[in-house]
J.: 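Sharing a structure with you now.
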There are 2 protein chains.
Amino acid sequence: MAGGKKNYQNTILDIAEALKLSPATISRALNNHPYVKEQTRTDVMEMATKLGYRRNHMASGLRSNKTRTIGLIIPRVSMFFHAEVITTIQNDLHKHGYNLIICQSNDSVNMEQELTETLYASRVDALIAACTLQTVDFSHFDKFVDHGTPVIFYDRVPVGDYKATFIKGSDFQGAYLATNHLIAAGCKRIAHVSGPLTSNLYQDRAAGFLKAMEEHHLSVNPEWVFHQELTHENARIAMQEMFEKDIVPDGIFADNDTTAIAAIEFAKEKGIGVPDALKITGYSNDPRTAIITPSITSIEQFPNLVGTRIVEVLMELLTEEAEGPVYKTEPVIIPVELISRMSTGVNK
Amino acid sequence: MAGGKKNYQNTILDIAEALKLSPATISRALNNHPYVKEQTRTDVMEMATKLGYRRNHMASGLRSNKTRTIGLIIPRVSMFFHAEVITTIQNDLHKHGYNLIICQSNDSVNMEQELTETLYASRVDALIAACTLQTVDFSHFDKFVDHGTPVIFYDRVPVGDYKATFIKGSDFQGAYLATNHLIAAGCKRIAHVSGPLTSNLYQDRAAGFLKAMEEHHLSVNPEWVFHQELTHENARIAMQEMFEKDIVPDGIFADNDTTAIAAIEFAKEKGIGVPDALKITGYSNDPRTAIITPSITSIEQFPNLVGTRIVEVLMELLTEEAEGPVYKTEPVIIPVELISRMSTGVNK
DNA sequence: TTGTATGCGTTATCAA
DNA sequence: TTGATAACGCATACAA
């Protein structure tokens with residue numbers, strides 16, 4: 001428990017004085033510099049512990065121009081996919097001796113901009129970002145790029161050219177799989193409840209959906225295609241619009257699991273049998289999809305793999321550092337997999 | 001998009017030179033110091049923008065001994081309750097001009113210790129922590145306390161005396177409410193599937209459970225009381241043990257929602273009717289409890305309120321600063337509320 | 001209202 | 001292998 005004088009912090013000068021060594025030697029010992037006598041190093045370590053010395057990151061960062069800290073910006077930590085990704089990133093970075101500053105943009109472009117300022121002010125060694133769905137202008141990331149600080153985008157990445165590294169799931173493939181799965185299960189009239197086309201995610205998924213439909217010569221009813229924020233409420237409205245007409249869908253490809261859940265709930269209320277009269281697929285394989293009745297077929301995005309790859313690529317970029325380009329020119333694509341459940345009647 | 005020379009960063013000296021002013025004036029202008037001519041301030045701001053100046057947090061923090069950064073340690077961001085709390089904390093801190101560094105302990109005491117070192121090295125202005133369930137020794141927080149840095153514990157807090165501020169839900173009350181609810185619904189043989197007694201959470205809830213049972217002269221079967229990590233697997237094992245006997249419970253007070261969900265699933269598999277033959281309550285009001293069939297009665301902990309109060313208290317501690325004690329002697333208690341659902345048959 | 005001078009704690013450069 | 005010294009970028013006490 002507490003005790004002792006307040007506010008004074010021991011520094012390397014205190015260690016130096018106690019050991020009759022120079023501060024430079026203390027610094028070297030503490031940083032595993034090769035040119036330090038083993039005995040000296042041991043002495044320093046002991047005295048550091050004894051005095052309760054703790055490095056001041058600000059001082060060392062200021063001098064060395066390295067912080068061993070990585071910044072992360074995500075829309076929300078509460079989304080299952082993102083929560084898993086950041087857990088992996090933090091654990092993997094920790095193994096490499098790096099720290100992580102996690103920041104939430106709350107899906108606000110303004111907040112995202114402010115956070116880039118904050119993280120730049122902290123002079124993070126690299127930045128990892130999953131952008132807002134509304135982020136179409138990425139110029140607030142320029143300061144990092146211009147300064148030679150690696151930037152890695154994942155999940156929601158800039159559309160078009162940008163001097164950063166991209167790591168993303170195969171959204172085209174995921175949509176293609178989901179749509180084909182519905183078709184194979186017998187669906188002929190398939191709706192696509194998707195997110196805003198400002199995001200690469202939904203552009204790619206729309207393409208995957210269309211490809212599968214075309215290949216099976218199924219027509220796409222424009223009244224059954226939605227591009228809007230993927231909230232529970234929006235999903236309900238979409239369902240209502242579709243099911244108050246004479247001709248209704250027999251399959252719904254929902255672009256996130258919240259939407260799929262809303263669809264299931266709507267069907268239950270209206271007495272529409274799932275999967276008999278209506279088949280539904282979600283996206284992301286959120287744990288809720290396995291719990292609800294009927295359970296929901298969804299697309300697994302392997303968040304842990306995404307996190308691992310991000311750190312792998314980051315470490316490469318951070319060690320290369322040989323003034324080469326601080327980004328990968330080719331995007332890293334993470335595979336996806338369809339998890340079949342009750343809502344499409346194909347599996348238990 | 002990118003462009004321009006790499007690695008050079010404009011400093012206040014560059015602004016000073018461009019404006020033929022002294023660095024001190026620039027610093028004052030940038031920090032809203034009162035003694036700066038309005039025109040000068042405007043000029044400085046303009047030039048700062050023009051030169052793409054961005055403050056170096058490390059330099060200013062080193063000099064001023066303030067970082068305007070708060071550290072946060074939690075077991076996992078993926079738990080619904082914690083995700084909500086940190087979102088609120090970050091948003092509220094942002095309004096006060098503070099930044100938040102979020103760190104996960106992964107429920108590992110070792111990691112928690114390391115994270116305190118990291119955050120101390122970053123010289124955060126205050127620390128917020130929800131401890132591991134296994135944290136019984138809190139001495140790794142001493143360095144903050146000794147240094148006069150405010151520490152706020154929430155949710156999982158030290159048992160006993162410690163020179164820090166405590167903010168917690170009323171766990172006794174929550175357990176008391178849940179148990180009484182089961183009793184009012186007609187349960188006579190109630191099981192308590194709870195977490196490790198090393199944590200204040202489960203100590204308090206055990207007491208609330210016992211109080212309610214006693215008041216209604218119901219006996220507690222020790223074979224139906226579990227204190228173990230609250231995982232899905234452990235919950236299944238507990239259910240199996242209880243339901244392979246001749247006499248089985250007719251009510252289960254589960255101390256988290258994952259456990260309640262596992263109980264529901266077990267009951268479904270075994271053909272035990274919920275809520276007719278068995279009534280179940282969870283804890284935390286995780287969104288999953290509303291989605292599963294039957295929906296699960298649970299205890300709402302008002303995470304947003306917890307987050308708001310944390311920041312309120314923190315701001316008080318940070319502004320007092322008048323060398324008074326940097327903690328509240330009385331714990332702040334956040335109320336709880338029972339949300340009645342299908343699993344206890346009392347509400348829809 | 002502004003300028004001068006100094007130091008925060010550490011690491012890098014150079015010399016020994 | 002170690003030491004002396006400067007410098008990182010900024011904020012502040014004091015002087016003007």
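Letters go in sequence order (proteins before strands), and every chain restarts at 1. Model, not experiment: these values are computed from the prediction. Side chains included, hydrogens not; waters and symmetry mates left out as well; all remaining heavy atoms used.
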J.: Report the C-alpha separation of B:Y98 and B:V311 in whole Å, then their side-chain angles, then the decisive distance to 0.1 Å, and conclude whether the side-chain contact (heavy atoms from CB on, under 4.5 Å) test is met.
T.: CA-CA 10 Å; B:Y98 279 84; B:V311 175; over 6 Å; no
J.: Per the end-axis method with five pairs at each terminus, what is the bend angle of the helix from C:dT1-D:dA16 to C:dA16-D:dT1, to 10°?
T.: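 Its terminal axes enclose an angle near 30°.
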J.: Atom CD of residue position B:E117 - does it have more than 12 heavy atoms of other residues, nucleotides or ligands inside 6.0 Å?
T.: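 Counting other residues, nucleotides and ligands, CD of B:E117 exceeds 12 neighbours.
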J.: What's touching nucleotides 7-11 of chain C from the protein side, N or O pairs under 3.5 Å?
T.:
unit_1, atom_1, unit_2, atom_2, d
C:dG7, N2, B:R63, NE, 3.3
C:dG7, N2, B:R63, NH1, 3.2
C:dC8, O2, B:R63, N, 3.4
C:dG9, N2, A:A59, O, 3.3
C:dT10, OP1, A:Y53, OH, 2.4
C:dT10, OP1, A:N56, N, 3.4
C:dT10, OP2, A:I12, N, 2.8
C:dT11, OP1, A:N31, ND2, 3.2
C:dT11, OP1, A:R55, NH1, 2.9
C:dT11, OP2, A:S27, OG, 2.6
C:dT11, OP2, A:N31, ND2, 3.3
C:dT11, O2, A:R63, NH1, 2.5

J.: For DNA chain C, which residues in residues 35-50 of chain A have a heavy atom at a distance below 4.0 Å?
T.: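 None - not one residue of the stretch has a heavy atom sitting under 4.0 Å from the strand.
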J.: Using a strict threshold of under 4.0 Å (side-chain N to carboxylate O), is an ion pair present between A:K95 and A:D92?
T.: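 Judged by the 4.0 Å cut-off on N to carboxylate O distance, A:D92 and A:K95 do form a salt bridge.
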J.: So, does B:T25 get its side chain near the phosphate of C:dT2, meaning an N or O under 4.0 Å from OP1 or OP2?
T.: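 For B:T25, the contact criterion (side-chain N or O under 4.0 Å from OP1 or OP2 of C:dT2) is not met.
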J.: What's the shortest heavy-atom distance between B:L119 and B:C103, and which atoms?
T.: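 Smallest interatomic distance, heavy atoms only, reads CD2-SG, 4.1 Å.
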J.: What range of DNA chain D does chain B touch, first nucleotide to last, counting atoms under 4.0 Å from its heavy atoms?
T.: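 Under 4.0 Å from chain B, the extent on DNA chain D is D:dG9 to D:dA13.
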J.: Can you see whether B:S122 engages A:H57 through a side-chain donor-acceptor pair at a distance of less than 3.5 angstrom?
T.: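 Yes - a donor-acceptor pair under 3.5 Å links their side chains.
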J.: Got a sec, which pairs hit salt bridge (charged side-chain N to carboxylate O under 4.0 Å, His left out) with one end in residues 96-116 of chain A, sequence neighbours left out?
T.: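 Qualifying pairs: A:D107-A:R156.
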J.: Compile the donor-acceptor pairs under 3.5 Å between side chains in residues 42-53 of chain B and protein atoms, sequence neighbours left out, one pair per line.
T.:
unit_1, atom_1, unit_2, atom_2, d
B:T42, OG1, B:E38, O, 2.8
B:D43, OD1, B:Q39, NE2, 2.8
B:T49, OG1, B:M45, O, 3.0

